[in-house]
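See below for the structure under consideration.
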Amino acid sequence: MGMPITHIMTSGMSGIRAAGDLVARMEMSKSMRVGDAKNYVAKKLGVSTLDLSDEYVMRDLREELGIGVITSVAGAPKGIAAKMNIEKLLDIKINCCEKFRQKIR
């Protein structure tokens, strides 16, 4: 039941178009409630919680931080590279990043 609720709550924040994916990661990885997760992500990004759902603000910020955007940008991190940047930014571990690091050792 936890995963669908988390998805519903964060999809209203536009997923990767804004910061919904980042908030969802904090809810799932640190068992945070949505309000706490929004505050944590906003603090880490240096924006207000209202900015988290603003696609225009988040588009520029996501591109600047290299944490992935909805459309491909030449030279910008995407896929696993963007997820590794998200790990560093939010101080969390992402399973696929761990598996990737194990494979390249």
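Note that these values count all heavy atoms, side chains included, but never hydrogens, waters or copies made by symmetry.
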Original post:
Minimum heavy-atom separation for Ala18 to Leu52, with atom names?
Top reply: CB-O, 3.1 Å
Original post:
Measuring from Lys83:NZ to Lys88:NZ, what's the distance to the nearest 0.5 Å?
Top reply: 16.0 Å
Subject >> Atom pair CD1/CZ of Ile94 and Arg25 - distance to nearest 0.5 Å >> reply: 4.0 Å
Do [X] and [Y] have side chains that get closer than 4.5 Å, going by heavy atoms?
X     : Y     : answer
Leu65 : Asn85 : no
Ile67 : Asp21 : no
Val34 : Lys38 : yes

Original post:
Quick one: side chain to side chain donor-acceptor pair (under 3.5 Å) partners of Ser29, sequence neighbours excluded?
Top reply: none
Original post:
Who pairs with Asp51 by side chain to side chain donor-acceptor pair (under 3.5 Å), at least two apart in sequence or on another chain?
Top reply: Ser48
Original post:
Only one of Val41, Asn39, Asp36 clears side chain to side chain contact (heavy atoms under 4.5 Å, CB included) with Met26; which?
Top reply: Val41
Under the side chain to side chain contact (heavy atoms under 4.5 Å, CB included) rule, collect the residues that match up with [X], sequence neighbours excluded.
X     : value
Val69 : Arg59, Arg62, Glu63, Val73
Lys78 : Ser72
Ile80 : Met84, Cys96, Cys97, Phe100
Asp54 : Tyr56, Val57

Original post:
With Lys44, which residues qualify under salt bridge (charged side-chain N to carboxylate O under 4.0 Å, His left out), at least two apart?
Top reply: Asp91
**OP:** Report the residues that fulfil salt bridge (charged side-chain N to carboxylate O under 4.0 Å, His left out) with Arg101, sequence neighbours left out, ordered by chain and then residue number.
**Re:** Glu87, Glu98
**OP:** Please assess Leu89 against Leu45 for the test side chain to side chain contact (heavy atoms under 4.5 Å, CB included), listing each intermediate value before the final yes or no.
**Re:** CA-CA 8 Å; Leu89 183 70; Leu45 298 178; 3.2 Å; yes
